[in-house]
Amino acid sequence: MTVSDESDCVMTVPKRPIEYHPPADERLEALVQQASERLAERYADDSYRHPDVVFGFSAFLKLLAKLKAQQLNMTRDHFDIN
């Protein structure tokens with residue numbers, strides 16, 4: 001019986017595709033709420049706190065996040081787990 005070196009014993013593991021997901025809506029909404037508060041304080045302008053502004057900015061960020069995840073999934077590579 002002979003001892004083989006490591007190069008004789010190669011374990012191959014299939015590559016798994018990476019799947020991208022946008023952040024949860026709640027996280028984006030919390031981010032927008034914080035940003036709106038900071039903008040209102042920084043510029044002493046309460047219009048940044050207006051629900052329509054917060055809603056519109058949230059909707060915009062959600063759309064961007066969804067589109068970016070879709071783009072990344074279309075051009076995704078595979079993750080080598082070795």
Side-chain angles (χ1 to χ4, degrees):
M1 180 195 267
T2 61
V3 178
S4 62
D5 61 33
E6 278 187 40
S7 64
D8 291 341
C9 185
V10 177
M11 185 173 111
T12 59
V13 179
K15 292 182 177 184
R16 297 183 310 182
I18 298 171
E19 187 171 345
Y20 297 94
H21 300 276
D25 287 350
E26 295 80 19
R27 292 189 70 191
L28 290 174
E29 290 166 3
L31 175 73
V32 168
Q33 189 65 42
Q34 290 174 355
S36 296
E37 289 297 323
R38 287 184 181 174
L39 287 168
E41 290 172 14
R42 181 176 187 174
Y43 296 109
D45 185 353
D46 283 337
S47 66
Y48 289 104
R49 292 184 177 110
H50 193 278
D52 289 341
V53 172
V54 174
F55 176 81
F57 190 29
S58 292
F60 177 69
L61 283 184
K62 290 176 194 177
L63 176 63
L64 285 181
K66 182 179 176 181
L67 291 174
K68 187 61 179 178
Q70 287 176 349
Q71 178 195 30
L72 290 170
N73 285 326
M74 289 173 34
T75 60
R76 70 179 169 206
D77 201 356
H78 287 79
F79 180 72
D80 191 353
I81 58 177
N82 282 338

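At most 12 non-hydrogen atoms from other residues, nucleotides or ligands lie less than 6.0 angstrom from CZ of Arg27.
Of all non-hydrogen atoms in Tyr20 and Asn73, the two that sit nearest each other are N-OD1, 2.7 Å. Closest approach of Val53 to Tyr48, counting heavy atoms only: CG1-O, 3.9 Å.
A search for salt bridge (Lys or Arg N to Asp or Glu O under 4.0 Å) contacts involving Asp52 returns nothing, not counting sequence neighbours.
One finds the CD atom of Glu41 at 9.5 Å from the CG atom of Asp46 (value rounded to the nearest 0.5 Å). Once rounded to the nearest 0.5 Å, the distance linking CD of Gln33 with CZ of Arg49 reads 9.0 Å.
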Please table the atom pairs, donor to acceptor, closer than 3.5 Å between any side-chain atom in residues 55-69 and protein atoms at least two apart or in another chain.
unit_1: Ser58; atom_1: OG; unit_2: Val54; atom_2: O; d: 2.9
unit_1: Lys62; atom_1: NZ; unit_2: Glu29; atom_2: OE2; d: 2.6
unit_1: Lys68; atom_1: NZ; unit_2: Gln71; atom_2: OE1; d: 3.0

